[in-house]
Amino acid sequence: MSLLQVRGVSKVYGTLTALSSADMVVGDHEFHGLIGPNGSGKSTLLKCLAGAEIPTSGTIHLAGKDITTLTPQERSRAGLSLKFQITAILPEIAVYDNMLIALQAHQSIWGLLRSNSRDSLHADVIHYLDRFRLRERQYDLAGELSHGQQQWLEIAMALALKPRLLLLDEPTAGMSPQERRATGELLEPIKAQCSLLIVEHDLDFIKDICDSLTVLDQGQIIASGPTSDVQNDARVKEVYLAHV
């Protein structure tokens with residue numbers, strides 16, 4: 001069953017066509033990788049999905065709902081969550097409080113005004129911190145975490161919104177090999193909760209974790225399908241592997 005459907009999406013800036021007639025499908029509870037050389041259009045497509053950019057033409061549907069022109073906030077309510085490459089944690093407050101703030105997005109204004117959300121959400125905060133190996137750092141400032149741990153915290157915060165689809169922009173960028181392996185282990189259980197669309201340069205990481213791949217080059221999708229098929233595609237080998 002398809003969760004995300006991208007049909008004929010193009011993005012034009014003046015005389016520059018950054019994305020041309022992109023078609024892509026992400027299934028329910030699927031890990032889907034989006035790869036390609038620098039300047040291939042990955043970031044443009046991700047921005048169109050997230051609502052940071054509105055496509056010049058084409059449509060985007062999430063769980064059957066047309067989200068093509070919705071605001072990022074409206075897309076979030078429709079079931080989409082995003083973690084950019086640069087972390088958006090609050091470095092000057094504790095790890096625990098970062099997680100609490102993310103979970104409070106689901107609280108009513110009345111609940112927040114009564115200031116009872118900290119107690120009611122404590123078990124959920126600990127659940128996410130345990131799940132992402134951060135419980136021992138819960139009282140530390142988020143800015144004191146390692147780069148990899150900061151990425152894990154933000155993924156946990158994005159998951160707290162309980163999305164149908166989570167967009168990850170280069171989640172392993174800047175990580176050590178050990179952190180990359182751990183990230184793959186931490187992401188795997190997410191498949192039971194939601195789908196992932198991952199933009200990534202680490203081909204080994206993305207091949208290991210993703211069920212399917214979409215490959216972009218010069219603003220056009222040149223291949224999309226099961227990982228084993230795409231990685232053996234002659235054009236992908238020629239265009240992607242030769243330049244990434």
Side-chain angles (χ1 to χ4, degrees), residues 1-13 16-50 52-53 55-62 68 80 82-85 151 155 165-175 177 179-181 183-188 190-191 194-244:
M1 178 182 175
S2 62
L3 175 65
L4 176 73
Q5 291 185 323
V6 177
R7 293 286 180 253
V9 168
S10 298
K11 183 62 183 180
V12 179
Y13 301 95
L16 172 66
T17 299
L19 195 63
S20 178
S21 300
D23 290 334
M24 182 176 65
V25 174
V26 177
D28 214 7
H29 300 284
E30 175 185 75
F31 284 8
H32 193 107
L34 183 61
I35 61 176
N38 289 330
S40 62
K42 301 187 304 297
S43 295
T44 301
L45 179 53
L46 193 68
K47 288 177 181 177
C48 288
L49 296 177
E53 298 281 1
T56 305
S57 61
T59 60
I60 302 169
H61 285 78
L62 179 66
T68 310
L80 187 146
L82 169 68
K83 194 208 87 61
F84 280 114
Q85 180 181 354
Q151 297 286 337
I155 293 171
L165 175 65
L166 175 59
L167 309 180
L168 297 181
D169 185 14
E170 298 190 33
T172 67
M175 288 188 182
E179 287 176 327
R180 286 197 294 271
R181 284 195 296 273
T183 299
E185 294 170 0
L186 292 171
L187 289 178
E188 186 60 34
I190 293 173
K191 191 176 292 185
C194 67
S195 297
L196 291 186
L197 179 62
I198 310 173
V199 176
E200 185 55 76
H201 280 292
D202 186 335
L203 189 58
D204 289 331
F205 174 83
I206 211 164
K207 286 192 301 184
D208 288 342
I209 195 173
C210 287
D211 306 298
S212 54
L213 296 176
T214 292
V215 185
L216 276 161
D217 183 53
Q218 297 181 19
Q220 295 185 324
I221 291 178
I222 61 171
S224 189
T227 298
S228 58
D229 293 346
V230 172
Q231 68 183 10
N232 291 317
D233 183 278
R235 189 177 178 191
V236 171
K237 289 180 179 180
E238 177 184 356
V239 173
Y240 181 79
L241 299 179
H243 298 289
V244 174

For Asn232 and Lys237, run side chain to side chain contact (heavy atoms under 4.5 Å, CB included): C-alpha distance rounded to whole Å, both residues' side-chain angles, the deciding distance at 0.1 Å, then the answer. CA-CA 7 Å; Asn232 291 317; Lys237 289 180 179 180; 4.2 Å; yes
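- Residues Glu200 and Pro171 approach most closely at OE1-CD, 3.2 Å, considering heavy atoms.
- Taking the side chain as every heavy atom from C-beta outward, Ile155 and Leu186 never approach each other to under 4.5 Å.
- Listed here is the closest heavy atom pair of Ser40 and Pro37: OG-O, 2.8 Å.
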Side-chain donor-acceptor contacts of residues 4-12 below 3.5 Å, not counting sequence neighbours, with atom names and distances?
from: Gln5; atom 1: NE2; to: Ser2; atom 2: OG; distance (Å): 3.2
from: Ser10; atom 1: OG; to: Ser21; atom 2: N; distance (Å): 2.7
from: Lys11; atom 1: NZ; to: Ile54; atom 2: O; distance (Å): 2.8

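- Here Thr214 pairs with His32, Ser224 under the side-chain hydrogen bond (donor to acceptor under 3.5 Å, both in side chains) rule; sequence neighbours left out.
- Closest heavy-atom contact between Ala18 and Thr44: CB-OG1, 3.8 Å.
- For the pair Thr68 and Pro55, the minimum side-chain heavy-atom distance is below 4.5 Å.
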- Audit row: Asp204, Arg180, salt bridge (charged side-chain N to carboxylate O under 4.0 Å, His left out) steps and yes/no: CA-CA 10 Å; Asp204 289 331; Arg180 286 197 294 271; over 6 Å; no
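- Counting heavy atoms from C-beta on, the side chains of Thr17 and Thr56 never come closer than 4.5 Å.
- In summary, the side chains of Thr183 and Gln151 do not present any donor paired with an acceptor at a separation below 3.5 Å, with no hydrogens or angles considered.
- Under the 3.5 Å distance criterion, the side-chain polar atoms of Lys42 are matched with a main-chain donor or acceptor of Gly36.
- Val230 has its side chain out of reach of Ser212: every pair of non-hydrogen atoms, C-beta onward, lies at least 4.5 Å apart.
- Using a 4.5 Å heavy-atom threshold, the side chains of Phe205 and Met175 count as separate.
- Smallest separation of non-hydrogen atoms from Ala50 and Leu80: CA-CD2, 4.4 Å.
- Between Leu82 and Leu49, every side-chain heavy-atom pair lies at or beyond the 4.5 Å cut-off.
- Side-chain contact check for Ser195 versus Asp28: some heavy-atom pair is nearer than 4.5 Å.
- Between Phe31 and Ile209, the shortest heavy-atom distance links the atoms CD2-O, 3.3 Å.
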message: Let's go through Leu213 and Val236 carefully: what are the C-alpha distance in whole Å and the side-chain angles of both, what is the deciding distance for side chain to side chain contact (heavy atoms under 4.5 Å, CB included) to 0.1 Å, and is it a yes or a no?
response: CA-CA 11 Å; Leu213 296 176; Val236 171; over 6 Å; no
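- At least one side-chain heavy atom of Met24 sits under 4.5 Å from a side-chain heavy atom of Leu197.
- Arg235 has no carboxylate O lying under 4.0 Å from a charged side-chain N of Asp217, or vice versa, which leaves the two without a salt bridge.
- In terms of heavy atoms, Thr227 sits closest to Cys210 at OG1-O, 2.8 Å.
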